[in-house]
Each structure stands twice: as C-alpha cells, then as structure tokens.
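These notes are about the structure you will find just below.
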Amino acid sequence: MASLSIESEARTREGKILEGQDLSYHYPGATKPVFEGINLFTKSDELIAVVGPTGTGKSTLLRVLAQLIPQASGKVFLDGVEVTRPSPKISLVHQSIATFPWMTALDNVNLVLAGSGMDEQEAIQLGKRMLSLVGLQGFEGYYPKEMSGGMRQRVAIARALAASPEVLLLDEPFVHLDELTANEIRKEVYDLVFNPATTLKSAVLVSHNLHEVVQLADRVYVMNSSPAIIVDVVKIDLQRPRTERDPGFLDYVDLLYKGLNVKKAKL
C-alpha cells in the first residue's frame, strides 16, 4: 500500500472521462485563491474521492467541475472536449437533500426533463425506471413529507440519473443521514456507477468521512495547504465489497489522515 506520486499520476491519464487541468478559484473579494493548480481526472468505471480539511474548497471544486461557477484559471474537459458551461452530462447531488415538497417523487425526478422535448409518457417511464434503480419502486406518488431522509436522498440521486449523465458529482450526499441508512445508500451508489442500466461512466465524491471514502473510492485526491493544492493521491487497492474488518482497510484510513494533518510545501 502506497501513495501514488503526483508525477506518476499525471502520466496515467489515458482514457480519462472528466478532467480538471490546473484549476484555481478565488472567492469574491478574497486576496488569494482558495485552491490553485488542481489537476484530477476520472476514468471509465471509476469512483474517485476528494478529501481535505474544512475550508480547502472541496465543494467549490465540484461546482467548478460542473461549471456551475467559473474557475479563475485552468480548464475542465469531458471526454477530451472542453466544458465551459453546465452540461446534463455532469450531474451534481448536493449534501442538502433537495426535493420539492409540493411534488411527488416522480415529479421531482422528472423535473430535470422539463424542456427536453421528451414525450410525456416516455419521461414518466424513465422517471419510474430511475426510481426503481434506487430502490423506490412503488413510491412514485409519495410526497417528500411522506418519505424518510434516506428515501428523499434516493429521489435526489434518481433525479440526477434521469438527466442521463456520464459523470455523477456527489457532495457529501450522506452527511445528513443516520449511519445505517447512509451505509445502505453507499452500497447503492457504487452499484449505480457501474450499472449498465445507467449512462454513468464515473463519479466524484467529496466527503469528510474517511471510512466512507475507503469503502467507496478507487483513488483519493488529498487537498491541503493554503491555497489548497493536491498533496497526495492514494489508490485504494482492496477487493469489493469493503468493510472495516478487511485487512488493510484501517491502514488506508490512517494514510489519508496523515495527508490531512501534514501541510506540504507547494509542489
């Protein structure tokens, strides 16, 4: 078990799906960037994670990758083509459970299809299929107040999938859920990324929960310092499904903790 050198990481970009090149971002009015020189990428059938101390701009980085906010410098690419505005091929699931209380589960999912030109019956069938994928078959007519937090987050994930994205960005999607529910949905999310019934090719997870990260991620980018940079890239080489009882699981958790606690000089 070892970290990848950032130099060797840069040489393994063949077949990348989503890529950020030399990204930096300034908060409005700030005197220095919150992060700079960020390089990361996903490959097909891969879930990567981004970890870092509070304030390093991890959630902001996801919004830059989705082009919901503009970077100060650098570029974002999807399948080798530069992305300069929001695209349905990149979907973001927020940490806040975003469902509209006056809409049913099916209506919440199909909201992303408004204006797509899709036939109404086709849209209904697609929405039902996405709800079934996240374990909510039979709950299409339920309103958010009739569902648990875990069910509402499944609706949010189904809505993201209904847009037929290639990449799913997950911004601490389990942080407001109890641990039993969160663990159940973590398993579903990983299965969804590699489910041929979806259009997904890869996913990016931001999380403060290092156990969650080791359970889910193929590679982990560690952000630290100020302005934040990538100080480490860790490949998680454990068989799936993963649990804390697996030999080596806690060693990876410790390795990530070291990256979070040691501020390295800018590379």
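Keep in mind the model is a prediction, meaning the values are calculated, not measured.
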Distance check, rounded to the nearest 0.5 Å: [X] atom [atom1] versus [Y] atom [atom2]?
| X | Y | atom1 | atom2 | value |
| --- | --- | --- | --- | --- |
| Phe35 | Thr56 | CZ | OG1 | 9.5 Å |
| Ile124 | Asp107 | CD1 | CG | 8.5 Å |
| Ile17 | Phe41 | CD1 | CZ | 11.0 Å |
| Leu161 | Thr199 | CG | OG1 | 7.5 Å |

Please list every donor-acceptor pair under 3.5 Å in which a side-chain atom of residues 47-54 meets a protein atom from a residue at least two apart or in another chain.
none

Residues forming a side-chain hydrogen bond (donor to acceptor under 3.5 Å, both in side chains) with [X], sequence neighbours excluded:
| X | answer |
| --- | --- |
| Asp22 | Asn39 |
| Glu120 | none |
| Ser24 | Ser73 |

Selection [range] - residue pairs positive for salt bridge (Lys or Arg N to Asp or Glu O under 4.0 Å), sequence neighbours left out:
| range | result |
| --- | --- |
| residues 189-213 | Asp79-Lys201, Glu166-Lys201, Arg186-Glu212 |
| residues 49-76 | Arg63-Asp171 |
| residues 145-164 | Arg154-Glu184, Arg154-Glu188 |

Search all heavy atoms of [X] against all heavy atoms of [Y] and return the closest pair with its distance.
| X | Y | answer |
| --- | --- | --- |
| Leu92 | Leu62 | CD1-CD1, 4.1 Å |
| Leu133 | Thr198 | CD1-CG2, 3.6 Å |
| Tyr252 | Lys235 | CE2-O, 3.3 Å |

Residues two or more places apart in sequence or in another chain: which of them pass ring-ring contact (aromatic ring centres under 6.0 Å, His included) with [X]?
| X | answer |
| --- | --- |
| Tyr143 | none |
| Phe174 | none |
| Phe77 | none |

Where does the angle between the aromatic ring planes of Phe249 and His211 fall among parallel (under 30°), tilted (30 to 60°) and perpendicular (over 60°)?
-> tilted
Parallel, tilted or perpendicular for Phe100 and Trp102, by the 30°/60° rule?
-> tilted
Hphob cluster co-occupancy, Leu68 + Tyr27, side-chain heavy atoms under 4.5 angstrom | yes
Following the transitive rule for hydrophobic clusters with a side-chain heavy-atom cut-off under 4.5 Å over Ile, Leu, Val, Met, Phe, Trp and Tyr, establish whether Leu216 and Val175 coincide in one cluster.
-> no
Check whether any side-chain N or O of [X] sits under 3.5 Å from a backbone N or O of [Y] as a donor-acceptor pair, and report yes or no.
| X | Y | value |
| --- | --- | --- |
| Gln67 | Ser87 | no |
| Glu140 | Gly138 | yes |
| Asp246 | Thr243 | yes |
| Thr42 | Ala203 | no |

Residues which pass salt bridge (charged side-chain N to carboxylate O under 4.0 Å, His left out) with Arg129, listed by chain and number, not counting sequence neighbours | none
Check salt bridge (charged side-chain N to carboxylate O under 4.0 Å, His left out) between Glu172 and all other residues, then give those that pass, not counting sequence neighbours.
-> none
CD of Gln137: more than 12 outside heavy atoms within 6.0 angstrom?
-> no
Residue that, paired with Met103, satisfies side chain to side chain contact (heavy atoms under 4.5 Å, CB included) out of Val155, Asn110, Leu111 = Leu111
Min side-chain heavy-atom separation Gln215-Asn209 under 4.5 Å | no
